[in-house]
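Just below is one structure, and these are the notes that go with it.
Counting convention: from 1, in listed order, for ligands and their atoms alike. What you are looking at is a predicted structure, and each value in this text was computed from that prediction instead of being measured.
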Amino acid sequence: MVDLHGQYLKIKDEIDSGIRSVIDSCAFINGPQVKDFTAHLSEYMGGCHVITCANGTDALQIALMALGLKPGDEVIVPAFTYVASAEVIGLLQLTPVMVDVDYDTFNISVEAMKKSLTTKTKAIIPVHLFGQSCNMAPILEFAKEHGLYVIEDNAQAIGSEYTFSDGRKAKTGTMGTIGCTSFFPSKNLGCYGDGGALFTNDDSLAECIRMIANHGQKVKYHHSVIGCNSRLDTIQAAVLDVKLKHLDEYCTARHTAAQYYTHAIKQIDPVERLFVTPVEASYSTHVYHQYTLKIKGGHRDALKAYLADNGVPSMIYYPLPLQEQDAFKPITRASGSLDVAKECADSVLSLPMHTELTHDVQNMILNSLESFINAL
Ligand SMILES: *Cc1c(COP(=O)(O)O)cnc(C)c1O
């Protein structure tokens, strides 16, 4: 599914010397590389505050803590996403309100979001799933109108850009009240362990986030609020500082590989008898964290097994919508129909997608797709 080793070999000297310099200095915690990477990432994201932390789930949790939400407050979240987007809502005893997604983009349905509003609604977590932005303009407008916070889950879309109707562009993760991301190894900007970050343009919120991530203290051993201990390791910052320089090139490589898949699949199956290829929204660039097909006619699981038999890995992201997860059933309020989320969970299949895909490898995968549809 991914080729982290192939990617590493191309930047090995820089990565090795970055890691070695951390070991040589033994500044494993909050070493200078953390500051350097933070500054470079801020520049990349357009100048917002960047606060690094231990992982993407922590970033989401810290975001909700920094906004001062109280048990019983409702937070709107798409039903089709990775568990972390909603898990933190439950962890803080807030109420996840699940809404449906759009069939084409897999992202939160603006209509469903609007209908889910109650007097308890305090925040929305749009998830930029699989590498492209949610339709942020109407989400931000709705949030402003009703005094809601917007926490962008940007774990899968770092590097993606949203275009507003007036032509203004913004990086995903920088448009809401707070943006969150993950540096999990297989993410588009991944380190060699765990890592995460928060983004905000609000000075006082940035200060509050920094404090919460550091045991609720501004001054050492003086704790103003209950916080947590969530840091990016210096070694991971050194790795990320090297990889950040390549992020745009990585995004382009993924997009190019995705276009190659889509072009070929449309030739194999011109009328979408079986394969529904990913749709790129007009308002967003797509950085293809995943290349995700929808498989029609209930053939998804058979195709997955067939690909496996032919040595082609594939993955189901995600097999269950959140409303069907046992952990969420007792704490969730489902708003409206979640049928599209269910349909996506039942039909999605993600193909290998990474920065090192070659046409040879893609052709082998495409040949398997072709022989499967021909045998139907
Ligand atoms: C990976 C991911 C997270 C969590 O990131 P971790 O670093 O693994 O904690 C959150 N949301 C989404 C959508 C993700 O894909």
*Centroid separation Phe184 to Tyr82 less than 6.0 Å*: no
_Using a 4.0 Å cutoff against the non-hydrogen atoms of Asn55, which atoms of ligand 1 qualify?_
7 (O), 9 (O)
*So, Thr172 versus Ser160: side-chain donor-acceptor pair below 3.5 Å or not?*
no
*Considering heavy atoms of the protein only, find what lies nearest to atom 15 (O) of ligand 1 and give residue, atom and distance to 0.1 Å.*
Gln156 NE2, 2.8 Å
_For ligand 1 and Thr57, I'd like to know whether there is a polar contact (N/O to N/O, distance under 3.5 Å)._
yes
*Say whether Phe184, considering both its backbone and side-chain N or O atoms, lies within less than 3.5 Å of an N or O atom on ligand 1.*
no
_Any nitrogen or oxygen of Tyr318 lying under 3.5 Å from a nitrogen or oxygen in ligand 1? Just yes or no._
no
*asked:* Please state which option from Ser182, Ala157, Ser186 has its nearest heavy atom closest to atom 7 (O) of ligand 1.
replied: Ser182
*What about the rings of His289 and Phe130, do their centers lie closer together than 6.0 Å?*
no
*ligand 1 N/O within reach of Asp153 N/O, cut-off under 3.5 Å*: yes
_What I want to know is whether Asp194 and ligand 1 share at least one N or O pair that is separated by under 3.5 angstrom._
no
*In ligand 1, which numbered atoms sit nearer than 4.0 Å to a non-hydrogen atom of Val127?*
13 (C)
*With ring centroids as reference points, do Phe199 and His49 lie under 6.0 angstrom apart?*
no
*asked:* So, 4.0 Å and heavy atoms of Lys187: is ligand 1 close enough to count as a contact?
replied: yes
*Trace of the side chain to side chain donor-acceptor pair (under 3.5 Å) decision for Gln325 with Tyr318*: CA-CA 11 Å; Gln325 301 283 0; Tyr318 299 92; over 6 Å; no
_Lys/Arg cation over aromatic Tyr103: Lys294, 6.0 Å, 45° cone_ = yes
_Ring centers of Tyr44, His40 separated by less than 6.0 Å_ = no
